[in-house]
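Order of the sequence lines fixes the chain letters, A, B, ..., with proteins taken first and strands second; residue numbering starts at 1 for each chain.
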2 protein chains.
Amino acid sequence: MKRSDYIPKATIERLPLYYRCLEKISAYEEDEVVSSRELGERLGIPPTQVRKDLSYYGEFGRRGVGYHVEDLKKSLAKILGINKTWPAVLVGAGNLGRALVNYEGFQKMGLQITDVIDSDLDKIGNKVGDITVRSSKDLEEIVKTRQIKIGIIAVPASAAQDVTDLLIAAGIKSIWNFAPTRLVVPEGIIVRNEDLSVGITSLIYHLTWKNE
Amino acid sequence: MKRSDYIPKATIERLPLYYRCLEKISAYEEDEVVSSRELGERLGIPPTQVRKDLSYYGEFGRRGVGYHVEDLKKSLAKILGINKTWPAVLVGAGNLGRALVNYEGFQKMGLQITDVIDSDLDKIGNKVGDITVRSSKDLEEIVKTRQIKIGIIAVPASAAQDVTDLLIAAGIKSIWNFAPTRLVVPEGIIVRNEDLSVGITSLIYHLTWKNE
DNA sequence: TGGAGTTTGTGAAAGTAAGCATAAGGCTTC
DNA sequence: GAAGCCTTATGCTTACTTTCACAAACTCCA
């Protein structure tokens, strides 16, 4: 697949939006074709931006016509790597952990949380959705047998670095971190921080300064 | 308070990180002063970036010395608007809603979820943390009496627009949206989307393309 | 007091991302 | 099959963000 040498980070953040929008169109509309204008309107993104983003990966549209919904959806799935299912292990069976396990939207994006780990002896053995909570002693075996590459951290900030080290020792390649702290990881490990406090703080900031 | 005419969006996203880092230093270290170099190192941000970000709002440091931890913390709290407490109403008492209510980190950032709304009759009357779930019929009264400006949407995408309209009708000024959909709102209403699927998809993308 | 060593604040330069303008292809109608 | 109207793809321009470079201010020590 074509792929330009340099692709803006912001473009990569928009691709999932395009994908999800196409899925919606595919499910609820009978249009076979969609224009960059319409796609953009639905997402609040200028049409030139939509086209430029897609152009980094090839020519998916037909001039004078638009983009074929199903084809573009498939292409985007392949670009994003969500044309296959990625098993993942989640650490932390608290409220947030349970919310993540039960969140329906992830399945569609290729994420499948297959295992849940917690250090709390009271929680081990309990069910979270269909999954039985296990001890971190089992982590390495779980990662190996399922060939898991993604670890999800949903523990308090104070425990996050220890969990990170455990995950990496077990062979994890990438970490989705919900703890509000910066993780130290070896070269080559991908970390994505999902810091909810930043979101609310930036909202409060805008509320505070709105009329000045 | 000084504030430059134009401030990069990215700067505003970093301010909460500085604030939280200062809080940690203030709580666990005895240093009274911190340099932009150290602050940056702890967060993985270049020191010049730290200084530039702060400089949009004034001169907080002393040359040759650094920044006084407590003073800078106070200044940032004021800049971010988190020197006061912001009451908020959350709609959607599902797993995610419960996780948000019980998340400890928000309190420190000025957010206090005071009320929870759900349309599910089975959930109304139940407790989420210390809060009793109420019907959307009570929304307007809740918002008025508590002078709530922030609404949090933790319902499925299909219900999100209806909830948005309700919140705005009740007098809400800003929305923190966890539903994976774009909300249509009148001029002047602030919306912040917290789209978890984007995070995991971008992680999978990087995992997919890592070695090419 | 003065010189060496720090560290901030900021204008200027470099690097990144978005938006514009236009060429090229495609459909429809007469 | 040609004119008119769409829509994509993309080089170029404009706008935004980060990084650099250095003056200014402070500390410490001889």
Side-chain angles (χ1 to χ4, degrees), chain A residues 1-18 21-22 25 31-73 75-76 79 198 202 205, chain B residues 1-18 21-22 25 31-73 75-76 79 198 202 205:
Chain A
M1 181 178 298
K2 169 188 161 175
R3 183 152 160 282
S4 304
D5 284 345
Y6 180 77
I7 295 165
K9 286 190 203 72
T11 291
I12 295 162
E13 305 268 299
R14 281 186 296 264
L15 296 179
L17 304 180
Y18 301 149
C21 192
L22 287 165
I25 295 169
D31 306 357
E32 291 204 344
V33 160
V34 65
S35 66
S36 60
R37 183 183 42 69
E38 182 177 352
L39 208 46
E41 253 165 34
R42 284 171 181 252
L43 296 165
I45 294 169
T48 60
Q49 183 80 78
V50 175
R51 293 202 295 278
K52 178 136 279 194
D53 285 342
L54 296 174
S55 78
Y56 291 115
Y57 298 92
E59 304 193 3
F60 301 103
R62 289 182 65 196
R63 297 175 187 215
V65 182
Y67 300 88
H68 190 272
V69 175
E70 290 307 319
D71 289 353
L72 184 56
K73 186 151 83 79
S75 300
L76 274 175
I79 291 166
V198 171
S202 128
Y205 173 92
Chain B
M1 182 179 299
K2 170 189 162 176
R3 184 152 158 280
S4 304
D5 284 346
Y6 180 78
I7 295 164
K9 286 190 205 71
T11 291
I12 295 162
E13 305 269 299
R14 281 187 295 264
L15 297 179
L17 304 181
Y18 301 148
C21 193
L22 288 165
I25 294 170
D31 306 358
E32 291 204 345
V33 159
V34 66
S35 67
S36 60
R37 183 185 42 71
E38 182 177 353
L39 208 47
E41 253 165 34
R42 286 172 181 252
L43 295 165
I45 294 169
T48 59
Q49 183 80 79
V50 175
R51 293 202 297 277
K52 179 70 107 184
D53 284 342
L54 296 174
S55 77
Y56 291 115
Y57 298 92
E59 304 194 2
F60 301 104
R62 287 182 67 197
R63 299 176 184 212
V65 183
Y67 299 88
H68 190 273
V69 174
E70 291 306 319
D71 289 353
L72 184 57
K73 187 151 82 77
S75 300
L76 275 175
I79 291 165
V198 170
S202 128
Y205 173 91

Calculate the interatomic distance between [X] atom [atom1] and [N] atom [atom2]; express it in whole Å.
X	N	atom1	atom2	value
B:R62	C:dT7	CZ	P	14 Å
B:H68	C:dT8	NE2	C1'	16 Å
A:E13	C:dA18	CD	C1'	16 Å

Side chains of B:I7 and A:Y205: closer than 4.5 Å at any heavy-atom pair?
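The answer is yes, as the side chains (C-beta and beyond) meet within the 4.5 Å cut-off.
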Would you say the base of C:dG19 and the side-chain of A:K52 have a donor-acceptor pair closer than 3.5 Å?
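Side chain to base: pair found, below 3.5 Å.
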Residues in contact with DNA chain D, drawn from residues 38-45 of chain A - heavy-atom cutoff 4.0 Å
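Those residues whose heavy atoms fall under 4.0 Å from DNA chain D, taken from residues 38-45 of chain A, amount to none.
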Would you mind telling me which of C:dG9, C:dG19, C:dG26 lies closest to the side-chain atoms of B:R63?
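Output: C:dG9.
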Protein-nucleic acid N or O pairs under 3.5 Å, nucleotides 14-17 of chain C:
residue : atom : partner : partner atom : Å
C:dT16  : O3'  : A:Y6    : OH           : 3.1
C:dA17  : OP1  : A:Y6    : OH           : 3.1
C:dA17  : OP1  : A:K9    : N            : 3.4
C:dA17  : OP2  : A:Y6    : OH           : 2.1

May I ask you to say what B:R51 touches in the nucleic acid, namely base, sugar-phosphate or nothing, with a heavy-atom cut-off under 4.0 Å?
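Result for B:R51 = base.
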Is B:P46 touching bases, backbone alone, or none of the nucleic acid, heavy atoms closer than 4.0 Å?
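Sugar-phosphate contact only - B:P46 comes under 4.0 Å of backbone atoms but never of a base.
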Count the heavy atoms belonging to other residues, nucleotides or ligands that lie under 6.0 Å from CD of B:E32, then report whether that count exceeds 12.
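Open: at most 12 neighbouring heavy atoms sit under 6.0 Å from CD of B:E32.
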Quick check on DNA chain C: between B:T48 and B:G64, whose nearest nucleotide comes earlier from the 5' end?
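Result of the comparison: B:G64.
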Salt-bridge criterion met for B:E38 and B:R42 (N-O under 4.0 Å)
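A salt bridge links B:E38 with B:R42.
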First contact, last contact: which nucleotides of DNA chain D are these for chain A, 5' to 3', heavy-atom distance under 4.0 Å?
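Taking any atom under 4.0 Å from a heavy atom of chain A, the span is D:dC6 to D:dC12.
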Tell me, with the steps shown, if B:F60 and B:L76 meet side chain to side chain contact (heavy atoms under 4.5 Å, CB included).
CA-CA 10 Å; B:F60 301 104; B:L76 275 175; over 6 Å; no
